[in-house]
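Here the structure comes first, spelled out in structure tokens, and everything after it is commentary.
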Amino acid sequence: MNTQDLYIQNSLTREKEKFEPIEEGFIGMYVCGPTVYSDVHLGNCRTFVSFDVIYRYLLHLGYKVRYVRNITDVGHLTDDADQGEDKIAKRAKLEKLEPMEVVQKYTNGFHDMMDVFNTKKPSIEPRATGHIMEQIKMVEAILDNGLAYESNGSVYFNTVKFASENEEYGKLSGRVIDELMSESRDDLKKQDEKQHPSDFAIWMRADETHLMKWESPWSIGFPGWHLECSAMSTKYLGEHFDIHGGGNDLKFPHHENEIAQNMGACNCTPANYWIHTNMLLMNGRKMAKSDNNSITPEQLFTGDSEHISKAYSPMIVKFFMLQSHYGSTLDLTDAGLLAAEKGYKRIMEANRYLQAIENGGNGNEDVEEKIGTLINQAQADMNDDFNTPKSLSRLFELVPIINSHKDGKEGFSDISQQVIDKLKQTFSIYLFDIFGLKDEFESEGNAISSKFSGLMELIIDIRKDARTEKNWSTSDKIRDKLQELDIQLKDGKEGTHWSLN
RNA sequence: GGUCGCGUGGCCGAGUGGCUAGGCAGAGGUCUGCAAAACCUUGUACGGCGGUUCGAAUCCGUCCGCGACCUCCA
């Protein structure tokens, strides 16, 4: 594996593969967005933070990326077996709102949360209801190809026929149609409209009470959930594009059926690389309200939950997520968050010090070689399937070097200006551009923080005089009172530094 | 029951056929008026049992446990 090349773990082949874009320099990436029927789930946040880092890294590599992430605002049923209510409509009735009010409300909430986590906005964020025509056209194409059938105003994708003509069905999820068949034979009688239980609706006839419905050649109805992603990815990225992503839980049936629809419509596989993010657990188990084992992003930020001992800021939560690989389950625990908080502060503080270094020394070969190696490894780690935890660990290994410079240690102090600049650039690019973190103190508003800094310098100066006079009671009083305000003084060889706790 | 995946030191979490992850916590030291911070040093690890191999925590089998999805049940 060449560390200069990007490798991606491809869910479709279950292999780590070298990434080669369809068109040199350009990447089309589609990620399944949220169904906006309730407040965004913390697990969703992890997924979109993961793809945000992937997006940012691809941009960093110089690709021109078209990142499409949809908003599902129709067709996602409470029960995936093509029965049950539309999630949006159900919520609309519950809250006595127009369906589109529900959609707007939770879309706004989702966007706000994505901002809180400092993720970049996608290039295009299409909505299912805005693409009914495209979906109807796709149903027609699939019908024309003989891979769907109409039944009582609804249209179903014929999985049996598709699977018999094509080995693709089940490839992503590892499911085999024969098994699906034998598994659910008992169901067959119940479903009079479907020819086979594994068939799925691509258009559904709506009854009179249904809130969201459109005219189509088959009935007044609405599109099946899986169809929107096929239609919108095709519209904005073409029939064949580079990367398709989503949460692990969408692999089956959603993504499997998406592939089937695209192939059924144009006989081409939609994406070369499929990326699936893994689940966020809490205390070792899945988050579920019914088990009282769940926490919302807001609760994390306010500390208002029995599961955590204190509040954690968004960047600490994000840092916590980045310390695991997107493909692994991540276990949210109070101890884990506490550790992440300390780590986050340590690395941010080192960066703040680093960026303020003005003059380099004469150069020190040993240290500079070590720095160069670590910087290269950080990049190689990101190239290896976006390994953020490993890449972060390289930055952490650079922290003692930076802090030694602060202490005026021999060897570390005479790093050349060139290497210092390289370090500055590396930290800035990785922490902020690629990982999308923010220094929460720095971002609190420059006007305030610069006055605040001036004030702190004054206080430190007064305390220094007291210390020179060995007036320990005054100097300790300043230190202790500031500590009570969560401002920590740190006496070092080069003078006193301060930080916010 | 099926499909996919996971099980690493006190906690979180990378990685690998023989060679340091990293963070947090712990221990010792340096520094300090004292402290904190910082720096240096440091420990027990790869679920159980078999097998392949000169050598496996890393590959294979099996058992146990966990998670997601599907199914079943409710």
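First the proteins, then the strands, lettered A, B, ... as listed; each starts at 1.
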Worksheet item: Is the distance from OP1 or OP2 of A14(B) to the nearest side-chain N or O of S328(A) less than 4.0 Å?
Response: yes
Worksheet entry | Options A21(B), A14(B), G13(B), nucleotide nearest the side-chain atoms of E397(A) | A21(B)
Worksheet item: Using the C1' atom in both, what is the distance from G7(B) to A45(B), to the nearest Å?
Response: 13 Å
Worksheet entry | Nucleotide A35(B), atom P - distance to CD of E484(A) in whole Å | 20 Å
Worksheet item: When rounded to the nearest 0.5 angstrom, what distance separates CZ in F200(A) from OH in Y156(A)?
Response: 12.0 Å
Discussion item. Using whole Å, what does the distance between atom P of nucleotide U3(B) and atom NE2 of H276(A) come to?
Written reply: 19 Å
Worksheet item: Between H226(A) and H255(A), does a ring-ring contact (aromatic ring centres under 6.0 Å, His included) hold up when you go through it step by step?
Response: CA-CA 8 Å; H226(A) 313 303; H255(A) 289 157; 9.4 Å; no
Worksheet item: K477(A) has an atom NZ; how far is it from atom P of A36(B), in whole Å?
Response: 23 Å
Item to complete: Identify, between L172(A) and G343(A), the residue whose nearest nucleotide on RNA chain B lies closer to the 5' end.
Response: L172(A)
Worksheet item: Which of these nucleotides, C12(B), G22(B), G13(B), is closest to any side-chain atom of S324(A)?
Response: G13(B)
Worksheet entry | Per R463(A) side chain, nearest of listed nucleotides G33(B), C11(B), G13(B) | G33(B)
Item to complete: Take F157(A) and F162(A), measure what ring-ring contact (aromatic ring centres under 6.0 Å, His included) needs, and give me the verdict at the end.
Response: CA-CA 8 Å; F157(A) 191 93; F162(A) 178 71; 5.4 Å; yes
Item to complete: Using a 4.0 Å heavy-atom cut-off across all strands, classify E349(A) as base, sugar-phosphate, or nothing.
Response: nothing
Worksheet item: Can you tell me if NZ on K470(A) sees more than 12 non-hydrogen neighbours from other groups inside 6.0 Å?
Response: no
Worksheet entry | Contiguous pairing runs of three or more, Watson-Crick or G-U under 3.5 Å, that involve RNA chain B | B:1-7 with B:64-70, B:10-12 with B:22-24, B:26-30 with B:38-42, B:47-51 with B:59-63
Worksheet item: Could you state the CE-P distance from M382(A) to G22(B), rounded to the nearest angstrom?
Response: 20 Å
Practice prompt. Mind checking K251(A) for me? I need base, sugar-phosphate or nothing, with any heavy atom below 4.0 Å counting as a touch.
Written response: sugar-phosphate
Discussion item. Taking only the C1' atom of each, what is the distance from A57(B) to C46(B) in whole angstrom?
Written reply: 4 Å
Worksheet entry | Pair of N/O donor and acceptor under 3.5 Å linking G67(B) base with N278(A) side chain | no
Worksheet, complete the sentence: NZ of K87(A) to CG of D73(A), rounded to nearest 0.5 Å, is 14.0 Å
Worksheet item: Are R346(A) and A38(B) close enough that a side-chain N or O sits under 4.0 Å from OP1 or OP2?
Response: yes
Worksheet item: In whole Å, what separates the P atom of U71(B) from that of C19(B)?
Response: 46 Å
Worksheet item: What is the nucleic acid contact for D381(A), judged by heavy atoms within less than 4.0 Å: base, sugar-phosphate only, or nothing?
Response: nothing
Discussion item. Rounded to whole Å, how long is the line connecting atom CG of D331(A) with atom P of A14(B)?
Written reply: 11 Å
Worksheet item: How close do I478(A) and I462(A) get, heavy atom to heavy atom, and via which atoms?
Response: CD1-CG2, 4.5 Å
Discussion item. Is it the case that the base of A35(B) and the side chain of D491(A) share a donor-acceptor contact (distance under 3.5 Å, atom types as modelled)?
Written reply: yes
Item to complete: State whether N403(A) places a side-chain N or O below 4.0 Å from either non-bridging phosphate oxygen (OP1 or OP2) of C39(B).
Response: yes
Response to the item:
Heavy-atom closest pair (F252(A) atom, S173(A) atom, distance to 0.1 Å) is CD1-OG, 3.5 Å
Item to complete: Among the candidates C34(B), C70(B), G23(B), find the nucleotide nearest to the side-chain atoms of R479(A).
Response: C34(B)
Worksheet item: On a whole-Å scale, what distance lies between the C1' atoms belonging to C60(B) and G17(B)?
Response: 13 Å
Fill in: Chi angles and distances behind the ring-ring contact (aromatic ring centres under 6.0 Å, His included) call for H244(A), Y273(A)
CA-CA 6 Å; H244(A) 190 129; Y273(A) 303 86; over 10 Å; no
Practice prompt. Give me the residues of residues 389-396 of chain A where at least one heavy atom lies under 4.0 Å from an atom of RNA chain B, by number, or none.
Written response: P389(A), K390(A), S393(A), F396(A)
Discussion item. Students often get this wrong, so: under 4.0 angstrom with heavy atoms, is L250(A) touching a base, only sugar-phosphate, or nothing?
Written reply: nothing
Worksheet entry | Residue pair H41(A) / G43(A): nearest heavy atoms and the distance that separates them | ND1-N, 2.8 Å
Discussion item. Between U42(B) and G33(B), how far apart are the two P atoms, rounded to whole Å?
Written reply: 28 Å
Worksheet item: Of F319(A) and T333(A), whose closest RNA chain B nucleotide lies nearer the 5' terminus?
Response: T333(A)
Fill in: Pairwise C1' distance for G23(B) and U8(B), with rounding to whole Å
15 Å
Worksheet, complete the sentence: When rounded to whole Å, the CG to C1' distance for the pair L322(A) and G22(B) reads 14 Å
Item to complete: Pick out which of F117(A), F110(A), Y326(A) makes a ring pair (Phe, Tyr, Trp, His ring centres under 6.0 Å) with F48(A).
Response: F110(A)
Worksheet item: Is the F301(A)-Y312(A) ring centre distance short of 6.0 angstrom?
Response: no
Discussion item. With a 4.0 Å limit, can you tell me whether N387(A) has a side-chain N or O closer than that to the phosphate oxygens OP1/OP2 of G15(B)?
Written reply: yes
Practice prompt. Taking atom C1' in both G29(B) and A21(B), compute the distance separating them and give it to the nearest angstrom.
Written response: 24 Å
Worksheet item: Rounded to the Å, how far apart are L482(A) CG and A35(B) C1'?
Response: 14 Å
Worksheet item: Looking only at atom C1', what distance separates U32(B) and G47(B), rounded to whole Å?
Response: 47 Å
Worksheet item: Between S230(A) (side chain) and E258(A) (backbone), is there a donor-acceptor pair under 3.5 Å?
Response: yes
Worksheet item: If you look at every strand shown and take non-hydrogen atoms under 4.0 Å, does L281(A) touch a base, only sugar-phosphate, or nothing?
Response: sugar-phosphate
Response to the item:
Among the nucleotides A21(B), G33(B), A37(B), whichever has the atom closest to the side chain of R467(A) is G33(B)
Worksheet item: Which nucleotide, C40(B), G33(B), A37(B), lies nearest any side-chain atom of P400(A)?
Response: C40(B)
Practice prompt. Would you check, one step at a time, whether the test side-chain hydrogen bond (donor to acceptor under 3.5 Å, both in side chains) holds for T329(A) with N278(A)?
Written response: CA-CA 5 Å; T329(A) 51; N278(A) 217 321; 5.2 Å; no
Worksheet entry | Which nucleotide in A36(B), G23(B), G33(B) has an atom nearest any side-chain atom of Q488(A) | A36(B)
Worksheet item: Base, sugar-phosphate, or nothing for D249(A), non-hydrogen atoms under 4.0 angstrom?
Response: sugar-phosphate
Worksheet entry | H307(A) NE2 - C12(B) C1' separation (whole Å) | 18 Å
Discussion item. Within the 4.0 Å heavy-atom criterion, would you say S475(A) contacts the bases, only the backbone, or no part of the nucleic acid?
Written reply: base
